[in-house]
Amino acid sequence: MDMDIRITKTNSSRIDGVDFDNLPFGRLFSDHMFMAEYKDGQWQNFRIEPFKSFSLHPATMALHYGQEIFEGMKATKTLDGKPYLFRPEMHAKRLNKSAARMCMPEFPEDMFLKALHTLIDLDQGWIPPREGSALYIRPTMIATDEFIGVKPSDSYLFFIFTCPVGPYYPKPVKLLAETKYVRAVLGGTGEAKAAGNYAGALLPAKLAQEKGYDQVLWLDAREFKYIQESGTMNIFFVIDNKVITPPLYGTILKGVTRDSIIRLLRDAGHEVEEYPITIDELVEAYKAGKLQESFGAGTAAVVSHVSEITYKDFHMVLPPVEERKIGPFAKATIDGMRAGKIEDPYDWMVPVKSPSPATVA
Ligand SMILES: *Cc1c(COP(=O)(O)O)cnc(C)c1O
C-alpha cells in the first residue's frame, strides 16, 4: 500500500475570521480535511485537502442503507501551546470494531494515526488556546457504491474533519428512564458508533424533552430493567461511596471517557464496580438516601452532572453539584491532563508529531 499522504494546502485560510472566545459547537470547520477511498479491495488516494463539500450520487448506498460509522475525539493544547491527541489508538480500534459490525472495511490503524497527526499538525492553529476548549475531530466512513439494493458496498469514502469548540460547561441534565423505546438489543448494533443508532434515538429523546427532560436513560431491551447509558454518554452512579457503571454488555458504546474515568478513579483509591445495576436498585438506593451522584461520561463534555432521574412517576432529585466529589474530580483530572497541569501517568496524552517528508514511508 502506498502510504504517502498528498497534501494540498489552502491558499485562503479562514482562521483570521474566527472568534476563539465565542465558538459555536459543531458549526465551524477548520481549513483542511483528510480523505481516502476504498476501491478494488484496498484503501488508496490518501490526501489532505482544503475543507470542502462533496457531491454525491443520489443512489450512494450510505444514504439508503445506513452503512456509515464515525468517531468523536479531541485535540487540545497544553498551556505551553503544544498540541496533543487523547488516546487516539483507542479511537482507531473502536472505529475498526464499528467497521467490522457494519460490514465495512477496516481502516489501517497506522494510517489512521498518521492521518490524524498530519492533519492536526497542519491545522494546529485551529486548536483553541483556552483551557477546556478543544479541536473536536470527526473521522467518518461512508458506503459510496451507486446502487439500489441491499448488500455491502464495494467502495467507501473515509474522511476526517475538525471543529474548534469552546469550553463546554453543560448544565446538569434531567434524565427520563425510557420504558417504551430501546436504543440497542443484544446482538444489535449498539456497540458500534454507527449513524443509524442515533436516528433511532431521536424520537424518544424528543418526547422526553417535551416532558421537560434533557435526555432519556436507556434501559435494556428485554426487561426494561438494567440501566444502559444516556444519549451519547456512558452513565455513572455513586451509591454509598461506591462508584457504579454498567458493564459493557454488548449493547453499550465502549466510551473512551468511561474507560479513562474508571481507571483514574480506581487509581485515586475509589471503589469502582462495573455492575449490571437495575433501575429498581437505583430507586431503592435513592429511597435509602444512598444515591450521592450520577454523571454521564463522553468526549464532548467529559462529565455531565445528572440533576434528576425520573422512572415512571418517581422523581429522584440529586444533590447539587457543589456537594459532589467524584464527578467533579474526574472532570478536573482529565481537563487538567489536557492542559498539562496534571501529570498523565498513563500516556493517554499523545503529542502531535509533525511528520517530516523523510518519515513518510
Ligand atoms: C460516543 C458515545 C459515548 C461516549 O464515548 P466517548 O468515547 O467517551 O466519547 C457513549 N455513548 C454513545 C452512544 C456514544 O455514541
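In what follows, every heavy atom counts, from backbone to side chain, and hydrogens, waters and symmetry copies are set aside. Counting starts at 1 for both ligands and their atoms, in listed order.
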| query | Between F70 and F158, does the ring centroid distance fall short of 6.0 Å? | reply | no

Distances under 3.5 Å, N/O of ligand 1 against N/O of the protein: list each pair and its distance.
unit_1: ligand 1; atom_1: 7 (O); unit_2: R94; atom_2: NH1; d: 2.8
unit_1: ligand 1; atom_1: 7 (O); unit_2: R94; atom_2: NH2; d: 3.1
unit_1: ligand 1; atom_1: 7 (O); unit_2: V256; atom_2: N; d: 2.8
unit_1: ligand 1; atom_1: 8 (O); unit_2: V256; atom_2: N; d: 3.3
unit_1: ligand 1; atom_1: 8 (O); unit_2: T257; atom_2: N; d: 2.9
unit_1: ligand 1; atom_1: 8 (O); unit_2: T257; atom_2: OG1; d: 2.6
unit_1: ligand 1; atom_1: 9 (O); unit_2: T299; atom_2: N; d: 2.9
unit_1: ligand 1; atom_1: 9 (O); unit_2: T299; atom_2: OG1; d: 2.6
unit_1: ligand 1; atom_1: 11 (N); unit_2: E229; atom_2: OE1; d: 2.5
unit_1: ligand 1; atom_1: 15 (O); unit_2: K193; atom_2: NZ; d: 2.7
unit_1: ligand 1; atom_1: 15 (O); unit_2: Y198; atom_2: OH; d: 2.4

| field | Intermediate values then yes/no, ring-ring contact (aromatic ring centres under 6.0 Å, His included), F54 and F159 | value | CA-CA 11 Å; F54 34 71; F159 50 93; 5.2 Å; yes

| field | Min side-chain heavy-atom separation L253-R94 under 4.5 Å | value | yes

| So S133 and E131, side-chain hydrogen bond (donor to acceptor under 3.5 Å, both in side chains) or not? Walk me through it. | CA-CA 6 Å; S133 47; E131 189 175 345; over 6 Å; no

| query | Could you walk me through whether F236 and I261 pass the side chain to side chain contact (heavy atoms under 4.5 Å, CB included) check? | reply | CA-CA 10 Å; F236 284 78; I261 288 177; 3.9 Å; yes

| K82/D80 under salt bridge (Lys or Arg N to Asp or Glu O under 4.0 Å): CA gap, chis, key distance, verdict | CA-CA 6 Å; K82 292 204 186 79; D80 58 3; 3.4 Å; yes

